[in-house]
Amino acid sequence: MRFDVVTLFPELVESVGAFGVTRRAAEQGLYELHCWNPRRWGSGAHQAVDDRPYGGGPGMVMQYEPLAAALAAIREADPGPARVIALTPQGRPLDQAAVRRFAGLPRLALVCGRYEGIDERLLESEVDEEWSLGDYVLSGGELAAMAVIDACVRLLPGALGHDDSATQDSFTEGLLDCPHYTRPEVVAGRAVPPELLTGHHAQIERWRRREALGRTWERRPDLLARLAPGPEDAALLDEYRCLRRDAAGGRNGDD
Ligand code: ADE
């Protein structure tokens with residue numbers, strides 16, 4: 001897969017490939033990352049890429065021309081079609097379904113906004129999709145672009161050491177992940193759930209599914225509503241709720 005990123009801070013974005021899974025994947029040649037600084041196409045002695053907003057108000061707006069020139073250079077460098085994504089707080093909140101779709105494409109061009117935003121005409125004419133990292137404001141789109149790259153790369157075949165790791169990630173099935181434990185068996189007075197020590201594969205899987213459903217119900221009811229659990233999951237969720245109620249009752253009883 002090839003990523004082309006339009007950014008005023010190429011060193012920042014390039015650091016996404018410097019560590020861990022994304023570094024190994026780059027070394028294996030699973031993806032390429034190219035950054036394009038729109039300042040190269042900026043105007044005047046200072047190679048300006050921004051100007052004051054029409055209508056007044058605070059801050060500066062990224063201009064059409066340097067961004068369009070960077071995207072033209074990207075197309076020239078490799079004529080294979082690239083889906084163009086802008087990272088802005090006005091975009092749809094990024095989710096695993098979008099990441100899965102991106103990871104299936106041969107190329108992605110990511111445009112990082114800075115300042116108060118990007119001239120709307122660039123978004124209208126050059127950008128296919130606008131995505132956000134979440135409902136908060138970052139100093140620019142770079143961290144969001146890095147999140148997209150990281151999330152895509154871990155889905156590329158061969159990127160993760162263990163074949164099952166990506167399929168078992170949170171959100172793969174629309175659920176949060178279950179809790180995980182490692183040695184020692186008891187730490188700070190807290191024991192590992194006994195189901196995980198049985199060595200009984202089906203029982204362990206059942207426990208993991210119940211905990212994943214329960215956590216999603218507690219923390220992200222919006223995800224659970226979208227999933228519409230079938231009868232087996234509904235029974236596991238009931239069991240989770242009963243256990244929770246019993247545990248809370250026990251705690252209250254001690255008071
Ligand atoms: N740029 C500034 N804030 C952002 C956000 N939340 N997501 C994506 N890009 C951004």
Side-chain angles (χ1 to χ4, degrees), residues 1-19 21-22 31 33-42 47-71 74 82-105 107-155 169-171 176 219-220 222-223 226:
M1 183 169 186
R2 173 173 170 141
F3 298 95
D4 290 281
V5 184
V6 180
T7 171
L8 289 168
F9 298 99
E11 295 91 343
L12 171 59
V13 174
E14 276 156 9
S15 71
V16 73
F19 306 95
V21 167
T22 46
Y31 76 98
L33 171 58
H34 301 271
C35 288
W36 305 79
N37 192 335
R39 202 167 291 289
R40 210 167 118 190
W41 296 277
Q47 295 180 287
V49 294
D50 59 334
D51 207 334
R52 285 164 296 144
Y54 279 115
M60 302 289 270
V61 176
M62 288 186 87
Q63 291 174 293
Y64 177 97
E65 288 99 332
L67 295 176
L71 287 168
I74 287 171
R83 193 129 188 100
V84 181
I85 310 292
L87 289 316
T88 79
Q90 283 68 245
R92 279 175 58 193
L94 188 67
D95 59 16
Q96 191 67 12
V99 169
R100 232 178 278 130
R101 177 164 57 83
F102 296 158
L105 300 173
R107 277 190 90 180
L108 217 49
L110 301 163
V111 181
C112 304
R114 280 265 152 182
Y115 313 118
E116 285 307 301
I118 298 174
D119 189 304
E120 190 65 21
R121 292 164 294 183
L122 186 283
L123 298 170
E124 284 167 2
S125 62
E126 298 280 342
V127 168
D128 298 311
E129 304 178 33
E130 227 174 306
W131 289 90
S132 161
L133 207 54
D135 292 339
Y136 44 84
V137 181
L138 300 165
S139 308
E142 280 78 7
L143 290 176
M146 291 162 77
V148 169
I149 294 167
D150 185 290
C152 285
V153 167
R154 53 182 289 109
L155 295 184
D169 275 349
S170 288
F171 304 115
L176 300 184
R219 300 179 186 188
R220 294 292 305 276
D222 56 314
L223 291 180
R226 243 183 280 159

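Keep in mind the model is a prediction, meaning the values are calculated, not measured. When a ligand or atom number is given, it counts from 1 through the structure's own listing order.
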Legend entry - Flag if over 12 foreign heavy atoms under 6.0 Å of CZ, Phe19: no
Legend entry - Atom CG of Asp135 with >12 non-hydrogen neighbours under 6.0 angstrom: no
Legend entry - Protein heavy atom at shortest distance from atom 6 (N) of ligand 1: Tyr136 O, 2.7 Å
Legend entry - Atom indices of ligand 1 within 4.0 angstrom of Ser132 heavy atoms, with elements: 5 (C), 6 (N), 7 (N), 8 (C)
Legend entry - For ligand 1, the portion of Asp135 having any non-hydrogen atom under 4.0 Å away: neither
Legend entry - Thr7 (side chain) donor-acceptor with Cys112 (main chain) under 3.5 angstrom: no
Inset, instruction - Could you tell me whether the side chain of Arg100 reaches within less than 4.5 Å of the side chain of Phe171, counting heavy atoms only? - result: no
Inset, instruction - If you have a sec, work out which protein heavy atom is nearest atom 2 (C) of ligand 1 and how many Å separate them, to one decimal? - result: Leu138 O, 3.3 Å
Inset, instruction - For atom CZ of Arg101, decide whether the heavy atoms of other residues, nucleotides or ligands shown that lie under 6.0 angstrom number more than 12. - result: yes
Inset, instruction - Heavy-atom contacts with Leu87 under 4.0 Å: which atoms of ligand 1 show up? List them by number with element. - result: 8 (C), 9 (N)
Legend entry - Proximity to ligand 1 by part of Ala144, non-hydrogen separation under 4.0 Å: side chain
Legend entry - Passing option when Val148 is tested against Ile85, Val99, Val153, Leu108 for side-chain contact (heavy atoms from CB on, under 4.5 Å): Leu108
Legend entry - Distance filter under 4.0 Å to Leu133 heavy atoms, resulting ligand 1 atoms: 5 (C), 6 (N), 7 (N), 8 (C)
Inset, instruction - Return yes when Gly140 approaches ligand 1 closer than 4.0 angstrom through a heavy atom, no otherwise. - result: yes
